[in-house]
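What follows is a set of notes on a single structure, which appears directly below.
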Amino acid sequence: MVEDKREKILEVKNLKTYFYTDGGIVKAVDGVNFDLKKGETLGIVGETGSGKSITALTILGLIPIPPGKIESGEILFRGEDLLKLKISNLKHFRGNCISMIFQDPMTSLNPVFTIGNQISEAILAHQEVTKKQAYTKALDLLDMVGISDRKKRMKSYPHEFSGGMRQRAMIAMAIANSPSILIADEPTTALDVTIQAQILELIDTLKKKTNSSVILITHDLGVIAKYAERVMVMYAGKPVEFASVDNIFYNPLHPYTLGLIGSVAKLNEEKKERLKPIKGSPPSLIDLPIGCTFASRCRFAIKKCKVEFPPVIEEEANHFAACYRAKEFIDGSLSRN
């Protein structure tokens, strides 16, 4: 395996984000560790409620405090800990160095301002340019993301755009200041299949043009397989596996990853097989089990799994997993079938 010597542009260490509610403490993100390299696309995958989006919002400093609270951790952007910055300084990073494409552009775009006004505002907030220069750049951005009749569209309001066009406008805002990192949080939610493909291709093309890094958050393993280089699998607020995309699909070491792969429909197969859903439901983040959070749904669970959460271990080169039986998967003594 060729060593990846690209610069680590982002490092997240032991990140814990909890929410204090009347019902108890919600451990939404509970000990997340990962790094992101320059020019890389990192996929974060898991079921709804696994902590994917909260991880992204914590990086950007968008967690409401209270009820949210960052219990511990470091978020290092080029060596600088974003968690130690004042809000005024953090605003410099947000939208400028690190930007985000949200799940639903209709709720993220302001309905009372035109698209052109919102894109121009994103430019003026971080660049020393005139309003005319910002307007010209906003026009170029609309062209870059594939919105035709751009001068007319600059004067349009979000409700006058289709879902796909709104998402393109959101991408234009996200890349307006040429950020080093682009976080795409379920960027194709509620879009039809054809438009989904266009949006994902657009993000990938823009990433290659600018040599930026992308964190792609999704529950769609097909998207991960096509666009990601490395993958972090999350379950109940914790990372359970981290590896290259090839290892995740062809050599998974965690039963939850196996379950996600088994529940995906496979096309063009001579032998049609029924999908294998993961039995049961994720645990409550307020009342997490003592041991492995996946144990109650795992067909490979042993007694130890229900007593203590397994540590994340580098089982193979650059392949990390939190499973007591990972070595048995590696040596073949435990079948994945």
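For this chain, numbers begin at 1 and follow the sequence in order. Treat the numbers as computed from the prediction; the structure is a model and nothing was measured.
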* Asked: Salt-bridged, E201 to K226, with N to O below 4.0 Å?
  -> yes

Pair up each side-chain donor or acceptor in residues 63-73 with any protein partner under 3.5 Å, not counting sequence neighbours, and list the distances.
{"from": "E71", "atom 1": "OE2", "to": "Y20", "atom 2": "OH", "distance (Å)": "2.3"}
{"from": "S72", "atom 1": "OG", "to": "N14", "atom 2": "O", "distance (Å)": "3.2"}

* Asked: Can you check whether F300 and F329 have ring centres sitting under 6.0 Å from each other?
  -> yes

* Asked: Are any of the side-chain heavy atoms of K8 and L76 separated by less than 4.5 Å?
  -> no

* Side-chain heavy-atom pair S212, S180 within 4.5 angstrom cut-off -> no

* **Heavy-atom neighbours of K38 NZ exceed 12 at 6.0 Å** => yes

* To do: Answer whether the closest heavy-atom distance between the side chains of P111 and H159 falls below 4.5 Å.
  => no

Counting only pairs under 3.5 Å, give me each side-chain donor-acceptor contact of residues 134-146, with atom names and distances, residues two or more places apart or in other chains.
{"from": "T136", "atom 1": "OG1", "to": "K132", "atom 2": "O", "distance (Å)": "3.0"}
{"from": "K137", "atom 1": "NZ", "to": "A176", "atom 2": "O", "distance (Å)": "3.1"}
{"from": "D140", "atom 1": "OD1", "to": "R150", "atom 2": "NH1", "distance (Å)": "3.4"}

* Asked: Would you call E7-R78 a salt bridge at under 4.0 Å N-O?
  -> yes

* Asked: Looking only at heavy atoms, what is the nearest atom pair of K16 and Y18, with distance?
  -> CD-OH, 3.6 Å

* Locate the shortest heavy-atom distance separating Q167 from I101; write the atom from each residue and the value. => OE1-CG2, 3.4 Å

* To do: With the side chain counted from C-beta on, respond yes when P158 and I115 share a heavy-atom pair under 4.5 Å apart, and no when they do not.
  => yes

* Asked: Side chain of R94, backbone of L60: donor and acceptor closer than 3.5 Å?
  -> yes

* Could you state the interatomic distance from CD (E11) to CG (N33), rounded to the nearest 0.5 Å? -> 10.5 Å

* Structure fact -> Heavy atoms of V245 and A228 approach each other most closely as CG1-O, 3.6 Å

* Between F77 and F93, does the ring centre distance come in under 6.0 Å? -> yes

* **Distance (rounded to the nearest 0.5 Å) between I98 CD1 and L182 CG** => 11.0 Å

* To do: Measure across E241 and L253 and return the closest heavy-atom pair with its distance rounded to 0.1 Å.
  => OE2-N, 2.8 Å

* Hey, what do you get for NZ (K304) to CZ (R325), rounding to the nearest 0.5 Å? -> 12.0 Å

* Note: K327-D331 ion pair, threshold 4.0 Å (strictly below) -> no

* Is D220 reaching over with its side chain to a backbone N or O of G222, donor-acceptor style, under 3.5 angstrom? -> yes

* Which class fits the ring pair Y256 and Y235: parallel under 30°, tilted 30 to 60°, perpendicular over 60°? -> tilted

* Taking the side chain as every heavy atom from C-beta outward, state whether I286 and I25 have any pair of such atoms under 4.5 Å apart. => no

* V32 and M234, any side-chain heavy atoms less than 4.5 Å apart -> yes

* Asked: Under a 4.5 Å cut-off applied to non-hydrogen side-chain atoms, are L260 and I278 in contact?
  -> yes

